[in-house]
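Atom set for the values below is all heavy atoms of this structure, side chains included, hydrogens, waters and symmetry mates excluded.
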Amino acid sequence: MLGEGNVAHTAMSGDGTTADDDPLQTAVWRLRSRACWADAAALLAPDTPEAALQRASLLVERCLYTEAGWEDAEDALRTAEALAHSDDERGAAACERGYLAYAATLFGVRDRADEARAALGRAAALLPPGAAGRALLDFRRGLIAENLTRSPQAARAAYRRAHAGATAHADPLLLSGTWRHLAGLALREGELAEARHGFAESLRIREELGYLVGTAPALVSLAETETEPEASRLREEARRLFRLLGGVPTWLARQLTPPAPGAATA
């Protein structure tokens, strides 16, 4: 499971998902959730550490969903790093740096695994346990353990720490990610009921938040744990959303392509 970017930086003023968030964050959220990351980033003037970091996180997330836009993300990240002054700001920027390096490695753009680990290690040194950004850091360390190091036990421990942190800080979007990845590990180990529950929770949260770009992957994952006809219904709904958003996330196309007529199946 790729760890698609459902956990980008949340601004202190709210991420736009509730009625009392400010209009700017609401507009950013609506664009982001519909795969319009560049438009969302354009609403944010990178003239404060917080705005620069949020802008960078949006463009890094775009890389995870589209496998493109790497230079824009690098430029935005350098701006955020230059503006960061406090430990929390520097830690959050290092966390984004690690996530971008992880994405580049995952998609075979360039092997930056060492850079990803170093950046997340730097973030861990700057963000104390219990800090708001620590749960996101733990989640991304779990992604590296699962997808680069191939260490499911380390990944599970990191995801559980992230899950607890997301619960403590009331971060539903991050919770949707921890549910999803814990469920993926459970499915790999044959724990079907546990996997179905986790995927269903992830999908429920994303639908409640209106996070359209993350809903199709959640539908496909849940379909893997269901029997027919429910599995086909979930996949068809995922295809509809995938087409609606212009083929994003790009990597989902491989899972949504129906087998050729008469093709042998394992």
**Prompt:** Which of these passes side chain to side chain donor-acceptor pair (under 3.5 Å) with Ser176: Arg204, Glu208, Glu207, Arg206?
**Reply:** Arg206

**Asked** Is the side chain of Thr105 donor-acceptor paired with the backbone N or O of Ala101 at a distance under 3.5 Å, no angle test?
**Response** yes

**Asked** Backbone N or O of Phe139 within a donor-acceptor pair of the His163 side chain at under 3.5 Å?
**Response** no

**Message:** For a 4.5 angstrom cut-off between non-hydrogen side-chain atoms, does Thr48 reach Leu83?
**Reply:** no

**Message:** Counting only heavy atoms from other residues, nucleotides and ligands, does the tally under 6.0 Å from CD of Glu228 exceed 12?
**Reply:** yes

**Message:** Does any part of the side chain of Leu58, heavy atoms only, come nearer than 4.5 Å to the side chain of Leu31, both counted from C-beta?
**Reply:** no

**Prompt:** With under 30° as parallel and over 60° as perpendicular, where do the rings of His197 and Trp179 fit, or are they tilted in between?
**Reply:** perpendicular

**Message:** Can a donor-acceptor pair be found, under 3.5 Å and without considering hydrogens, that links the side chain of Gln25 to the backbone of Asp22?
**Reply:** no

**Request:** Can you see which heavy atom on Thr79 is nearest to which on Pro46, and at what distance?
**Result:** CG2-CB, 4.1 Å

**Request:** I would like to know whether Trp70 and Leu100 meet side-chain contact (heavy atoms from CB on, under 4.5 Å); could you show each step before the answer?
**Result:** CA-CA 8 Å; Trp70 303 97; Leu100 183 60; 3.8 Å; yes

**Prompt:** At what distance, to the nearest 0.5 angstrom, does CG of Leu222 lie from CZ of Arg235?
**Reply:** 10.0 Å

**Asked** Is Glu96 paired with Arg55 through a side-chain N to carboxylate O contact shorter than 4.0 Å?
**Response** no

**Asked** Is it true that Glu74 and Arg97 make a salt bridge, defined as a side-chain N closer than 4.0 Å to a carboxylate O?
**Response** yes

**Item:** Test item: Val213 and Trp37 side chains (from C-beta on) under 4.5 Å apart, heavy atoms
**Value:** yes

**Request:** Pick out which of Glu146, Glu191, Glu189, Glu194 makes a salt bridge (Lys or Arg N to Asp or Glu O under 4.0 Å) with Arg156.
**Result:** Glu189

**Asked** Looking only at heavy atoms, what is the nearest atom pair of Leu127 and Asp87, with distance?
**Response** CD2-O, 4.4 Å

**side-chain contact (heavy atoms from CB on, under 4.5 Å) assessment of Tyr99 paired with Leu136** = CA-CA 10 Å; Tyr99 196 41; Leu136 178 57; over 6 Å; no

**Prompt:** Is there a side-chain contact between His181 and Leu143, using heavy atoms and a 4.5 Å cut-off?
**Reply:** yes

**Request:** Compare every heavy atom of Ala145 with every heavy atom of Ala155, then report the nearest pair and how far apart it is.
**Result:** N-CB, 3.6 Å

**Item:** Salt-bridge criterion met for Glu236 and Arg243 (N-O under 4.0 Å)
**Value:** yes

**Message:** Any heavy-atom pair between the side chains of Arg161 and Arg134 that's under 4.5 Å?
**Reply:** no

**Request:** Establish whether Leu245 and Leu219 are linked, either directly or via other cluster members, by ILVMFWY side-chain heavy-atom contacts under 4.5 Å.
**Result:** yes

**Complete:** Here the gap from Leu148 atom CG to Arg117 atom CZ, rounded to the nearest 0.5 Å, amounts to 6.0 Å

**Message:** Working note: His169 + Leu174, criterion side-chain contact (heavy atoms from CB on, under 4.5 Å); need CA distance, chi angles, decisive distance, verdict.
**Reply:** CA-CA 10 Å; His169 290 282; Leu174 180 53; over 6 Å; no

**Request:** Return yes when atom CG of Asp47 has more than 12 non-hydrogen atoms of other residues, nucleotides or ligands closer than 6.0 Å, and no otherwise.
**Result:** yes

**Asked** Between Asp72 and Arg62, is any pair of side-chain heavy atoms under 4.5 Å apart?
**Response** yes

**Prompt:** Is Leu77 reachable from Leu126 through a run of I, L, V, M, F, W or Y residues, each pair having side-chain heavy atoms under 4.5 Å apart?
**Reply:** no

**Asked** In Å, rounded to the nearest 0.5 Å, how long is the span from CG of Asp111 to CD of Glu115?
**Response** 10.5 Å

**Request:** Flag yes if Leu212 and Leu234 sit in one hydrophobic cluster, no otherwise; membership is Ile, Leu, Val, Met, Phe, Trp, Tyr, and two members link when side-chain heavy atoms are under 4.5 Å apart.
**Result:** yes

**Prompt:** Can you name the closest pair of heavy atoms from Trp251 and Glu67 and give their distance?
**Reply:** N-OE2, 3.7 Å

**Request:** Would you give the length of the straight line joining atom CG of Leu185 to atom CZ of Arg160, rounded to the nearest 0.5 angstrom?
**Result:** 9.0 Å

**Message:** Tell me whether Arg196 contacts the main-chain N or O of Thr225 through its side chain, where contact means a donor paired with an acceptor under 3.5 Å.
**Reply:** yes

**Request:** With rounding to the nearest 0.5 Å, note down the distance linking OG1 in Thr250 to CG in Leu64.
**Result:** 9.5 Å

**Item:** Working for side-chain contact (heavy atoms from CB on, under 4.5 Å), residues Leu209 and Ser33
**Value:** CA-CA 9 Å; Leu209 292 176; Ser33 66; over 6 Å; no

**Prompt:** If you measure from CG on Asp88 to CG on Leu53, what distance do you get to the nearest 0.5 Å?
**Reply:** 10.5 Å

**Item:** Validation row: Leu120, Tyr102 side chains within 4.5 angstrom (heavy atoms)
**Value:** no

**Asked** Nearest heavy-atom pair of Pro249 and Pro217: which atoms, and what distance?
**Response** CG-CG, 3.8 Å

**Prompt:** What's the shortest heavy-atom distance between Ala123 and Cys95, and which atoms?
**Reply:** CB-N, 3.9 Å

**Item:** Donor-acceptor contact below 3.5 Å, side chain Ser202 vs main chain Phe199
**Value:** no

**Prompt:** Within the distance-only criterion (no hydrogens, no angle test), does the side chain of Arg90 pair as donor or acceptor with the backbone N or O of His85 below 3.5 angstrom?
**Reply:** yes

**Prompt:** Are Leu59 and Leu173 joined in one hydrophobic group, where the rule is that I, L, V, M, F, W and Y side chains link up if heavy atoms are under 4.5 Å apart?
**Reply:** no

**Asked** Any donor-acceptor pair under 3.5 Å linking the side chain of Tyr65 with the backbone of Val248?
**Response** no

